K.L.:
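Here it is, the structure, as structure tokens.
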Amino acid sequence: MYGKDIDRKWQKVWDDEKIASFNKKNIDKKYYCLEMFSYPSGAKLHVGHWYNYGPVDTFARFKKMQGYEVFQPMGFDAFGLPAENYAIKTGIHPYDSTMKNIETMESQLKAMGAMFNWDAEVVTCKEDYYKWTQWLFLKLYEMGLAYRKKANVNWCPSCNTVLANEQVVEGLCERCSSVVTKKDLTQWFFKITDYAEELLDGLKELDWPEKTKKIQTNWIGKSTGSIATFKVDGKDLSFDVFTTRVDTICGVSYVVIAPEHEIVDKITTDEHKKEVEEYKEKCKIITEIDRLAEDREKTGVFTGSYAINPVTLEKVQIWIADYVLATYGTGCVMAVPAHDERDYIFANKYNLDIKQVIAPSDSSNINLDKEAYTESGILVNSGDFNGLTTDEAKKKITEYLKEKKLGDFKVTYRLRDWLVSRQRYWGAPIPIIYCDKCGVVPVPEKDLPVKLPYNVEFKPDGKSPLAKSEEFVNTTCPHCGGKAKRETDTLDTFVCSSWYQFRYPDNKNSEKIFDTEWIDKMLPVDKYVGGPEHAAMHLLYARFITKVLRDAGYTKVSEPFKSLVHQGLILGPDGNKMSKSKGNVISPDDYVDKYGSDVFRMYLMFGFSYVEGGPWSEEGVTAMVKYFGRLERLLDKMISLKDTNVDKISNNEKELLYIFNNLIKGINYDLEHMQFNTGIAKIMEITNAFYKYDQSVEDENKNTKLIKDTINKFIRIIAPFAPHFSEEMWNRAGNEVSVFNTEYPTCDNRWLEKDEIEIPVQINGNVKFVVTIPKDSENEQVEKIVLNDERLAGYLNGRSIKKVIVVRGKIVNIVVA
RNA sequence: GCGGGUAUGGCGGAAUUGGCAGACGCGCCGGACUUAGAAUCCGGUGUUUAACGACGUGAAGGUUCAAGUCCUUUUACCCGCACCA
């Protein structure tokens, strides 16, 4: 009986036979199948890992049997906060706990029996990997894409570290859910904004879920508009505003500047100084969560200065308000209360003018209803621009401003540069040295890696743990040889995972990050599968870094992941997300141990639509155990049939082969599209058809040659779904190792040829009966057969036929009065 | 608020291009085997009706010979973004 012993037996054989190895000679048939590597924070693999890796392994084995040279590596995203937090709690060093977890997880992954190429393994916290993460940083520095600046950054007071914008979720720390605050710190950034347009544009050609593309599109947030320069009245100062509604510029009744903007101090008049300073202070201490509060009232203060509208030359008040973001656009906006809801609320509260400049073009009633924010229409109260449509005006007014050197067309992105500094221990040290004489000095490539020291006090106190290690901090300047200090921040772990897909195929290269010529043959990844939670961060960063490596001349690849799939989420039996506190966590190990890896994997593939997931079902597992018994009994019986000398192919056999080949066609389609549930349903249908055949035909009347051939084919069909089980059956049927070195069966059309087909007959769209017609009948012929059918009159009840519609080979519909 | 998605039997879920709704499985009912049970094998199982039939894919309309599928309106839930000028 199938179980874990059979798993172990074949896992060992596969190991010896090196079934997962990659033969470089077949590079022209390469298929790079990649699952997102695991994060060894928890001690064990959970159901989610299995749901990612199991079905994708089925897909990879299918590809192998299709003749592709499959490269399916696995590794560990080993740096990061959870290991460090665990260390802080327990005192166990992150290196030790991580290595132990990796060991456990490796053995679990091996128990899964997935066709992972372990020779290609990467572990991001090992020196031979993070050396190249550091090298990558230096490359970006060299290219001007890594820079340092003082920034008002997101700060997690619990993790004691900076967070990237993407790691702040609804004002809370993504990892620990503490309320995120702001802090001014000098930090390292990657200039991802330089690639905003290409990152947006490149999405078009990708075979990715539309939703994921949409998330990235929103995240990049391209906005096309204009920039307009407002001079400060009575001072030799000016500032730019960004607007998408330059057509409303004649309706500007005040302008607003973000409180953090540097110009604020210069324009604030003495009598408003106190008020402005107080307001700025208030903004500083506000938390992200307060800032995001939906019903938060808009606040602001007048600076005392006035700005000159570049079109109307009117003087308008300059305010500061925190509803204007310093980090978007220019940090200054022109306010048009008549046509912007936010400005309207603000203007009403502080008694500022409201001037309508757009009238609806399509309606006769030009009412000045204050609640109606006209989106588009015809310009009014706008001097020379009156009568233009909004679109015309956007163009004309910007051109007018451009001529006067007071504005231009402008594209703005919401994407911010990527903050990569982390004040934590467990990460790759940033390879930078600070020298009093030479300033910022990158560590020379020959000195890499900058090793992460083992003995460090990593308890958090807001300072980087590395700053407390004298032996780490103190060094000599590579430039002048004088005393110098190292950068003590480490890199965001997303940097580590942004390039791992390049390292797998050349993971032992000690000379270079990877061999360009080889990598250009191996990349891009043909199929990438992982959770949808990485839609914005990891997947965007990896695309960015790929483009950087390309521009640095290290690869020709522009997009790392050609085709992407997100698996769904497996919930607890109660329908809730699995969590220890809810007590609804399913442990894969127990099931694998009890029933074998294939039962567990088959259950996961059969029970849900792959991209949807759903709640765990204990009955579903039992059902799969039963199915394996049914399948094994069938195969064992068929394999051991005594050979008969029957040469004739009976109708029963024709029917069986017809069903079999028809379903093979569907299974190939299902696998190609990762529709595992329907693929398995079809395997069950084949099983049922075999049972039916077996019951209908006496053993001595069976064409055993045909049946045994078909069974061999069937075992190969099942192989990717239940690899251990199938290898065992392949062996019992007297075949050589391994079933995975055989070709995946495709439909044999000879068995599908039929002289007659059945098509349904509808009356007014409702199916009434089925007629058998000769294959390839002409429509007139079909109509005749149907109209002559004796059953028809009974359904007509005397009604007259108005029309007969014949859809060739599909259906007949009779329209009656 | 904006953007995207989902909704199908008692349950998980099928239906690839508008063409037999409910594949496959669970559960339930029945039969065979058995002293009996378990296991196994076979059959039935959308609702309603005695039956013919009628109705049926969140709700309401529409297009079509034909709609789960296309269009309009709408409800619930999920996800993403959220003062982005």
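Computation of the quantities below employed the complete heavy-atom set of this structure, encompassing side-chain atoms and omitting hydrogens, waters and symmetry-equivalent molecules. Because the structure is a prediction, the values reported are computed rather than measured. Proteins come first, then strands; the chains are lettered A, B, ... in the order of their sequence lines, and each starts at number 1.
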K.L.:
In dot-bracket notation, what is the pairing pattern of RNA chain B, taking Watson-Crick (N1-N3 plus N6-O4 or O6-N4) and G-U wobble (N1-O2 and O6-N3) contacts under 3.5 Å, with [ ] crossing and | for other strands?
P.N.:
(((((((..(((......[....)))((((((.......))))))(((....)))..(((((..]....))))))))))))....

K.L.:
Could you tell me whether A/K702 and A/D699 make a salt bridge, using a distance below 4.0 angstrom between a side-chain N and a carboxylate O?
P.N.:
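Between A/D699 and A/K702 there is a salt bridge, with a charged N closer than 4.0 Å to a carboxylate O.
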
K.L.:
Does the distance from a Lys or Arg side-chain N to an Asp or Glu carboxylate O, for A/D670 and A/K682, drop under 4.0 Å?
P.N.:
yes

K.L.:
Can you tell me, in whole Å, how much space there is between the C1' of B/G58 and that of B/U69?
P.N.:
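Those two atoms are separated by 16 Å.
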
K.L.:
Please measure how far the P atom in B/G3 lies from the corresponding atom in B/U73, and state the result in whole Å.
P.N.:
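Straight-line distance between the two P atoms is 12 Å.
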
K.L.:
With sequence neighbours excluded, tell me which residues meet side-chain hydrogen bond (donor to acceptor under 3.5 Å, both in side chains) with A/K213.
P.N.:
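With neighbours one apart ignored, the set is empty.
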
K.L.:
Between the base of B/C81 and the side chain of A/N218, is there any donor-acceptor pair under 3.5 Å?
P.N.:
no

K.L.:
Given the structure, check if the side chain of A/K298 and the base of B/C83 hold any donor-acceptor pair shorter than 3.5 Å.
P.N.:
yes

K.L.:
Taking only side-chain N and O atoms of A/Y691, does any of them lie within less than 4.0 angstrom of OP1 or OP2 on B/C41?
P.N.:
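Checking B/C41 against A/Y691, a side-chain N or O does come within under 4.0 Å of OP1 or OP2.
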
K.L.:
Taking atom NZ of A/K577 as the centre, report whether more than 12 heavy atoms of other residues, nucleotides or ligands fall under 6.0 Å from it.
P.N.:
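Atom NZ in A/K577 is not crowded, with 12 or fewer foreign heavy atoms closer than 6.0 Å.
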
K.L.:
Please state the C1' separation for the pair B/C33 and B/C41 - nearest whole angstrom.
P.N.:
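The answer is 9 Å between these two C1' atoms.
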
K.L.:
For A/N688, which residues count as a side-chain hydrogen bond (donor to acceptor under 3.5 Å, both in side chains) partner, sequence neighbours excluded?
P.N.:
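Here the qualifying residues are A/R630.
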
K.L.:
Which part of the nucleic acid, if any, lies within reach of A/G607 when heavy atoms closer than 4.0 Å are counted: base, sugar-phosphate only, or nothing?
P.N.:
sugar-phosphate

K.L.:
Considering only atom P, compute the distance from B/G30 to B/A76 and round it to an integer number of Å.
P.N.:
43 Å

